[in-house]
Amino acid sequence: MTAIAIPVEHALVLAAILFAIGLAGVLVRRNVIFLLMSLEIMMNACGLAFVAAGARWAEADGQIMYMFVLSLAAAEVAVGLGLVLQVERRLRTLDIDAASELAG
Amino acid sequence: MTMEIVVFYIAAAVSVSATTLVVTRTNASHALVYLIVSLLAVAVIFFLLGAPFASALEIVIYAGAIMVLFLFVVMMLDLGRGSVEQERGWLNPSMWVGPGLLTLVLFLEMAWLLAGPMAQTSGTAVLPKEVGIELFGPYLLAVELASILLLASLVGAFHLGRRYMRARREEEADE
């Protein structure tokens, strides 16, 4: 199985870059679907950091934490997209600001 | 050796540029396709880091299952040309300045913290067998918790989706 020695800081910086892009997406976008996509980007970056840390010491724990992040992402997307359908049906828009009336 | 590490940097560049395109697109389905490209690039990086099982999961579950879920919802909502125009109106270039600067500051802080003596990854692959033994040994309780989480989200998504489909059928019957 091919695995190569990579500077672990570079992998972690890559994870930080992806996380920062996702964070900027969450802050800027107003469409709920793009918000969910940005959340996925951020979770994926977390998983990358876990796998890189696991590869540093050749332990399986990093991959296991990645699998838990993966199941969390799947659960979040299933409920989140269900909520998107409801918001679109009730408010006739995907603008996240329109949902602020949930506060009452 | 040097040849293989170049592959890592190419995959990293692909994933960063594809992710940037995801965040800046106005068309949701184009953004989804770029997101799939980004996830595939990350899968290549997992493989190079010596995590073939995580790499396979990235493709099968992330790029396969989760993105298809997104695609179904985008198709159900029927986001056509009008939504692209609306999205363009929402995306004012000046809106990027504040959040962009803040996230840049956070990223630079993190990069500064990571700058130090370079450690290398081990270069040995952790195979699925070892992952499975560890997963159903010390992490057994966490596996059960993850299964409960998935069950809860299944029930929640079914509840939300069922009411949506019923309302939609009634609307169509009215018309």
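These values consider heavy atoms only, across backbone and side chains, with no hydrogens, waters or symmetry-generated copies. Order of the sequence lines sets the chain letters (A, B, ...), proteins ahead of strands, with each chain counted from 1.
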Can you give me the closest heavy-atom contact between [X] and [Y], atom names plus distance?
{"X": "B:Leu127", "Y": "B:Pro52", "answer": "CD2-CG, 4.2 Å"}
{"X": "B:Ala11", "Y": "B:Val44", "answer": "CB-CG1, 4.0 Å"}
{"X": "B:Phe70", "Y": "A:Ile33", "answer": "CE2-O, 4.0 Å"}
{"X": "A:Gly25", "Y": "A:Leu35", "answer": "O-CD2, 4.3 Å"}
{"X": "B:Ala54", "Y": "A:Gln63", "answer": "N-OE1, 3.5 Å"}

Donor-acceptor check, side chain of B:Thr103 to backbone of A:Ala24, threshold 3.5 angstrom: yes or no? no
Can you tell me which portion of [X] sits under 4.5 Å from chain A's heavy atoms? Options are side chain, backbone, both or neither.
{"X": "B:Ala142", "result": "both"}
{"X": "B:Leu35", "result": "side chain"}
{"X": "B:Ser55", "result": "neither"}
{"X": "B:Phe8", "result": "side chain"}
{"X": "B:Leu135", "result": "both"}
{"X": "B:Val42", "result": "side chain"}
{"X": "B:Ser15", "result": "both"}
{"X": "B:Met110", "result": "side chain"}
{"X": "B:Val143", "result": "both"}

Only pairs of heavy atoms separated by less than 4.5 Å count here; which of [options] has the most with chain A?
{"options": "B:Phe53, B:Phe158, B:Tyr62", "answer": "B:Tyr62"}
{"options": "B:Leu69, B:Leu106, B:Leu102", "answer": "B:Leu69"}
{"options": "B:Leu32, B:Val7, B:Leu104, B:Val74", "answer": "B:Leu32"}
{"options": "B:Ile45, B:Leu154, B:Thr124", "answer": "B:Thr124"}
{"options": "B:Ile133, B:Thr24, B:Leu145, B:Leu57", "answer": "B:Leu57"}
{"options": "B:Arg25, B:His159, B:Met67, B:Met76", "answer": "B:Arg25"}

Identify which of [options] forms the greatest number of heavy-atom pairs closer than 4.5 Å to chain B.
{"options": "A:Ser71, A:Gly80, A:Ala53", "result": "A:Ser71"}
{"options": "A:Leu81, A:Leu83, A:Val77, A:Leu72", "result": "A:Leu81"}
{"options": "A:Gly82, A:Ala55, A:Gly22", "result": "A:Ala55"}
{"options": "A:Val26, A:Asp61, A:Leu94", "result": "A:Asp61"}

Decide side chain to side chain contact (heavy atoms under 4.5 Å, CB included) for A:Leu48 and B:Leu49; before the verdict, give the C-alpha distance in whole Å, the side-chain angles of both, and the deciding distance to 0.1 Å. CA-CA 10 Å; A:Leu48 177 59; B:Leu49 282 170; 4.3 Å; yes
Candidate list A:Val13, A:Ile21, A:Leu23, test side chain to side chain contact (heavy atoms under 4.5 Å, CB included), partner B:Phe107, passing option: A:Val13
Per-residue contact mode, [X] against chain B (heavy atom under 4.5 angstrom):
{"X": "A:Leu14", "result": "side chain"}
{"X": "A:Val84", "result": "side chain"}
{"X": "A:Ile41", "result": "side chain"}

Please report the C-alpha distance between B:Tyr9 and A:His10 in whole Å, then the side-chain angles of each, then the deciding distance to 0.1 Å, and finally whether the ring-ring contact (aromatic ring centres under 6.0 Å, His included) criterion is met. CA-CA 9 Å; B:Tyr9 292 114; A:His10 291 184; 5.6 Å; yes
Flag yes if more than 12 heavy atoms outside B:Met75 fall under 6.0 Å of its CE atom; otherwise flag no. no
Scan residues 15-44 of chain A for pairs that pass salt bridge (Lys or Arg N to Asp or Glu O under 4.0 Å), counting only residues two or more places apart or in two chains. A:Arg29-B:Glu87, A:Arg30-A:Asp95, A:Arg30-A:Asp97
With sequence neighbours excluded, what pairs up with A:Phe19 under the ring pair (Phe, Tyr, Trp, His ring centres under 6.0 Å) test? none
Angle between ring planes, B:Phe46 versus A:Tyr66, binned at 30° and 60°: parallel, tilted or perpendicular? perpendicular
